[in-house]
Amino acid sequence: MGEPKRHLITSALPYANGALHLGHLAGAYLPADIYVRYLRSLGKDVVFVCGSDEHGAAITMRAKKDGVTPQEIIDKYHELNKDTFRRLGISFDIYHRTSAPLHAETAQGFFKEMYEQGGEFEERITEQYFDEEYQQFLADRYIVGTCPRCGHEDAYGDQCESCGSTLSPTELIKPRSVLSGNTPVLKPTKHWYFKLDKHAGWLRTWIEEGILDGKPHHDAKAWKKHVTGQCLSWLDHGLLPRAITRDLDWGVPVPLEEAKGKVLYVWFDAPIGYISATKQWAQDHGKNWEDYWKSPDSQLVHFIGKDNIVFHCIVFPAMLKAHGDYLLPVNVPANQFLNFEGQKFSKSKGWGIEQHEYLEAFQDFPNKEDALRYALIRNMPEQRDSDFKWDEFVDFHDKELADNLGNFLNRVIVLTQKYYESRTPAGHFASGLHIATIRRLTGELAAAIEAFNFRDAIQKFLEISTYGNVYLQEVSPWAIWKDDPDSAIVKECLHTCLQIAGVLSIAIEPFLPFTSKKIRTLLNLPEVQAGDFASLLEKLETGQEIIPAGHIVGEPFVLFPKINDRKDTGRLALIEAQKAKLAEVLAAEQAEAPKEYAPLKPAIQYDDFAKLDIRTGTILEAEPVPKADRLLKLRVDLGFEKRTVVAGIAEHFKPEAIIGQRVLLLANLAPRPLKGIESNGMILMAADADGKLCFVTPEEGWPNGFGVR
RNA sequence: GGCGCGGUAGCUCAGCUGGUCAGAGCGUGCGAUUCAUAAUCGCAAGGUCGGGAGUUCAAGCCUCCCCCGCGCUACCA
């Protein structure tokens with residue numbers, strides 16, 4: 001451990017098939033940017049890399065749906081996301097992309113090295129779905145079918161979006177190819193697997209104790225609890241080999257003769273994007289990328305959202321270690337999720353706001369970037385999920401930025417102008433009482449950033465501003481000046497207040513860079529530069545002035561025009577428009593009954609139907625199945641026999657409530673064991689768009705055991 | 001069902017290895033002040049720290065059981 005010479009900071013690579021919303025920003029990009037800006041302001045050697053993740057079937061799917069090429073998709077979103085980040089002041093040193101040739105070369109090199117070392121990969125031949133018309137294997141996302149869990153008819157091969165279950169393509173009932181619509185056939189194909197399981201031992205020690213190769217690597221206690229917890233939970237469950245290749249034509253080709261037509265699975269190539277991005281940056285700036293990835297006196301930190309924890313704390317570190325030579329992250333400060341006005345962000349529902357939409361909607365709002373950054377920092381989901389609310393956005397902006405910070409600066413500049421023609425009066429800040437408090441608060445702010453506690457850090461910042469307000473109020477120079485314009489007390493007071501303003505202008509830079517510039521303008525000082533925070537700490541420590549006596553400050557102007565402003569309702573109108581939009585979404589949700597109807601399945605022949613033997617029956621007994629939340633064990637009377645059926649309806653019906661329920665039963669479904677109970681048939685249920693269930697039942701008085709035709 | 005993380009004043013949250021730990025900000029009420037963006041400053045009320053049991057001289061802080069939220073996971077209509 002010890003003081004690192006270099007810092008390599010990464011933010012999760014955005015997937016280039018869509019825009020990012022405020023939750024992404026608050027989760028992985030803003031905290032990283034604060035941390036990086038802080039390190040730079042300490043004069044540290046730091047590289048901040050990110051870029052677009054541009055491979056995988058979801059992108060080719062999206063392209064097909066939109067009727068464009070995958071390249072057009074990734075170009076569009078790469079540019080959009082890159083530009084949006086820039087406008088929000090996210091200060092990447094490079095925003096690279098995984099479609100770059102350098103990346104393919106890097107990823108292939110990484111694979112080859114691991115391959116040639118031996119022992120890390122294994123080959124497996126498995127049966128995968130193949131579209132005969134298109135003559136190609138189908139990625140999971142290219143297969144849709146009926147979800148075996150919930151009956152949703154358009155579940156993907158890897159996941160059902162209706163019930164959220166994780167699936168494998170072969171589980172789908174009636175699978176069909178997205179390409180041709182035909183039923184795919186199973187064909188054997190060879191793939192390479194990364195033997196993740198063999199790395200479980202050292203991973204546990206590394207995560208639990210921070211020890212790597214028998215040496216201290218990082219402070220395990222400094223990792224967030226939910227990060228460590230989720231990793232250990234995974235390790236407890238046991239790791240499995242993971243496929244790292246796919247039959248797909250969109251990605252980095254597997255660099256082996258025998259793997260023609262196969263690409264690296266997107267999860268394998270994406271994190272290598274951090275490496276290729278660093279390489280590109282180094283090339284552009286005459287640096288050596290290996291200093292950042294391989295030198296023991298460098299430190300790697302990944303900023304991500306909680307959906308990426310296992311990947312960045314287990315899978316990628318295992319890859320790096322297996323490859324050898326690479327550094328492992330010293331921390332992965334994953335954030336939880338940000339909700340939006342009480343609900344999850346949902347593009348399809350129109351709930352939430354994307355980054356570029358915000359910039360668009362607020363284009364006439366002064367300080368729009370920092371107003372957003374501030375609201376997200378104050379409410380960052382550091383330890384648990386949090387909730388973005390427009391009302392809070394307004395309060396944070398008006399009460400803290402405008403009233404507390406902005407107004408303090410304004411008071412000080414105005415008084416200085418009024419009393420001393422904008423000339424900083426002489427005083428004893430450097431040797432006085434107040435420097436101690438400012439020093440303490442500034443130190444605590446720095447410590448909080450270093451511990452990734454950005455909410456704490458911004459609070460310390462506000463305390464400095466509050467301290468200034470309290471001090472100014474207590475001295476009340478305006479009262480003294482009335483009688484004694486030459487008062488030493490007044491000079492002392494404004495001298496000190498200006499020192500505090502100087503501190504604020506530097507300390508705010510990592511959080512609100514645009515505001516920092518404006519404060520510097522107010523103070524007539526140059527923009528904050530690399531190393532300024534370090535020299536500020538030094539000055540506070542050794543008792544030096546921040547702003548020298550005699551320095552002429554700038555003209556006062558209102559730093560944060562308030563949203564709740566009697567004279568100008570324009571800013572409030574922007575907020576109201578956003579709230580109205582949400583109200584509309586809610587109203588539409590209420591008004592519109594379920595109107596999403598699943599498309600009809602392909603036509604079948606009468607013979608297909610005739611194969612089904614559906615019978616009338618009555619539920620005699622019902623009891624929950626142990627260790628299964630969704631299952632009920634039923635005893636059904638079919639007249640000619642009674643049989644046991646396991647049905648996944650426990651979340652919808654209480655056992656005692658369905659005894660005596662008349663049902664239709666698919667009676668010739670092959671028996672299947674579920675949680676150790678043999679289920680003989682399937683209860684027919686009707687499901688609406690929300691997945692709500694109701695029994696399909698024969699007319700009152702109809703006898704049991706007769707068929708449906 | 002299993003696992004992880006949470007559940008502290010009306011709201012948002014701090015509370016490190018158990019003993020000034022019952023706190024901060026916002027909101028509310030009262031007061032002071034006018035340099036300033038109807039800003040600022042001070043004071044006050046407010047909670048049986050999700051529920052129950054236990055360990056201890058002492059428990060938001062430890063143990064057990066239960067309830068709720070979020071997430072991961074599981075042979076699931």
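Naming: A, B, ... by sequence-line order, numbering from 1 per chain. Values reported hereafter were calculated over all heavy atoms of this structure, with side chains retained and with hydrogens, waters and symmetry mates removed. Note that the structure is a prediction, hence the values are computed from the model and not measured.
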Whichever of A:Thr228 and A:Leu405 has its nearest RNA chain B nucleotide further upstream toward 5': A:Thr228

A:Arg378 vs A:Leu401, nearer the 5' end of RNA chain B by closest nucleotide: A:Arg378

What's the closest nucleotide to the [X] side chain, out of [options]?
X: A:Lys482; options: B:rU34, B:rC26, B:rA14; value: B:rU34
X: A:Arg455; options: B:rC26, B:rU12, B:rG4; value: B:rU12
X: A:Arg384; options: B:rA14, B:rC35, B:rU12; value: B:rA14
X: A:Val558; options: B:rC35, B:rU37, B:rG25; value: B:rU37
X: A:Lys225; options: B:rU37, B:rC72, B:rG6; value: B:rG6
X: A:Leu415; options: B:rC70, B:rG27, B:rC35; value: B:rC35

Pairing partner (Watson-Crick or G-U wobble, both distances under 3.5 angstrom) of B:rA22: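 Paired with B:rA22, as far as the under-3.5 Å criterion goes, is no nucleotide at all.
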
Would you mind classifying the nucleic acid contact of [X] as base, sugar-phosphate or nothing, using non-hydrogen atoms under 4.0 angstrom?
X: A:Asn407; answer: base
X: A:Lys306; answer: sugar-phosphate
X: A:Ile683; answer: sugar-phosphate
X: A:Val414; answer: sugar-phosphate
X: A:Phe337; answer: nothing
X: A:Ser679; answer: nothing
X: A:Trp234; answer: sugar-phosphate
X: A:Leu559; answer: base

Flag, side chain of A:Ser487 to backbone of A:Asp484, donor-acceptor distance under 3.5 Å: no

A:Asn524 side chain vs A:Ile552 backbone, donor-acceptor pair below 3.5 Å: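 Yes, because the side chain of A:Asn524 sits within donor-acceptor range (under 3.5 Å) of the backbone of A:Ile552.
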
Grab the two heavy atoms, one from [X] and one from [Y], that are nearest each other, plus how far apart they are.
X: A:Ser679; Y: A:Val646; answer: OG-N, 3.0 Å
X: A:Leu441; Y: A:Lys460; answer: O-CB, 4.0 Å
X: A:Ile309; Y: A:Ala334; answer: CG1-CB, 3.6 Å

Whole-Å distance separating the CG atom of A:Leu240 from the C1' atom of B:rU73: 12 Å

Length of the CD1-P vector between A:Ile377 and B:rG25, whole Å: 21 Å

Taking [M] as the reference, what is the distance to [N] when you measure between their [atom1] atoms (whole Å, please)?
N: B:rA32; M: B:rG46; atom1: C1'; result: 24 Å
N: B:rG50; M: B:rA9; atom1: P; result: 8 Å
N: B:rG25; M: B:rC41; atom1: C1'; result: 16 Å
N: B:rU8; M: B:rG60; atom1: C1'; result: 7 Å

A:Lys491 charged N/C atom sitting above A:Tyr420 aromatic ring, 6.0 Å / 45°: no

Donor-acceptor pair under 3.5 Å, A:Asn410 side chain vs B:rA36 base: no

In B:rG23, glycosidic geometry as syn within 90° of 0 or anti otherwise: anti

Syn/anti label of B:rG46 as read from its glycosidic torsion, with the cut at 90° from 0: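 Because its glycosidic torsion lies within 90° of 0, B:rG46 adopts the syn conformation.
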
Donor-acceptor pair between A:Lys224 and A:Asn335 side chains, under 3.5 angstrom: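 Their side chains do contain a donor-acceptor pair, which is all the 3.5 Å distance test asks for.
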
A:Lys221 vs B:rC16: side-chain N/O to OP1/OP2 distance below 4.0 Å: no

